[in-house]
Amino acid sequence: YHCPTPTRVGTLASIQIQKVFTSCNAVHSFALATNGTAYAWGRNESKQLGLTADAGGDAKNVYKPTELDLPAPLRMAACGKSHSVF
């Protein structure tokens, strides 16, 4: 869960990632694949990942990148300590 150095995310190894969104103060991240699919993982105590309950949205921590079900394609994201802005 906590990696002090940049580390390849194994579950995304076969997916072409276009952008990764994170912040120094945040302990969660988002990745945008070239096909428009968005993934979220990390701390979720304030539901900052935007996941539905079916996708693990009630979990305090999400250890694997999980596909987001968004009403529109993700273009940008900003991560804060306990919030996210899409």
Practice item. Establish whether M76 and L68 are linked, either directly or via other cluster members, by ILVMFWY side-chain heavy-atom contacts under 4.5 Å. Key: yes
Check your understanding: What distance separates R43 CZ from Q48 CD, expressed to the nearest 0.5 Å?
Key -> 8.0 Å
Check your understanding: Tell me, do L32 and F21 make a side-chain contact under 4.5 Å, heavy atoms counted?
Key -> yes
**Study point:** H28 NE2 to C79 SG distance, which is reported to the nearest 0.5 Å
**Key:** 4.0 Å
Check your understanding: Do N35 and T37 meet the criterion of a side-chain donor-acceptor pair at a distance under 3.5 Å?
Key -> yes
**Study point:** Sub-4.5 Å side-chain heavy-atom contact between D69 and E67
**Key:** no
Exercise for review: Could you tell me the separation between the OG atom of S29 and the CG atom of L12, rounded to the nearest 0.5 Å?
Suggested key: 10.5 Å
Exercise for review: Would you give the length of the straight line joining atom CG of L51 to atom CH2 of W41, rounded to the nearest 0.5 angstrom?
Suggested key: 11.5 Å
Study note, to complete from the structure: Tightest non-hydrogen contact, residues G42 and L49, listed as O-CD1, 3.8 Å
Exercise for review: Measure from the side-chain N and O atoms of E45 to the backbone N and O of N61, and report whether any donor-acceptor pair falls under 3.5 Å.
Suggested key: no
**Study point:** Rounded distance (nearest 0.5 Å) linking atom OG1 of T66 with atom CZ of F30
**Key:** 11.0 Å
Point to revise | Atom pair CZ/CG of R75 and L70 - distance to nearest 0.5 Å | key: 12.0 Å
Review point. With distance as the sole test, does N44 use its side chain to make a donor-acceptor pair with the main-chain N or O of A59 at under 3.5 Å?
Key: yes
Exercise for review: Evaluate the criterion side-chain contact (heavy atoms from CB on, under 4.5 Å) for residue pair K64 and V9; output intermediate values, then yes/no.
Suggested key: CA-CA 8 Å; K64 293 182 183 178; V9 179; over 6 Å; no
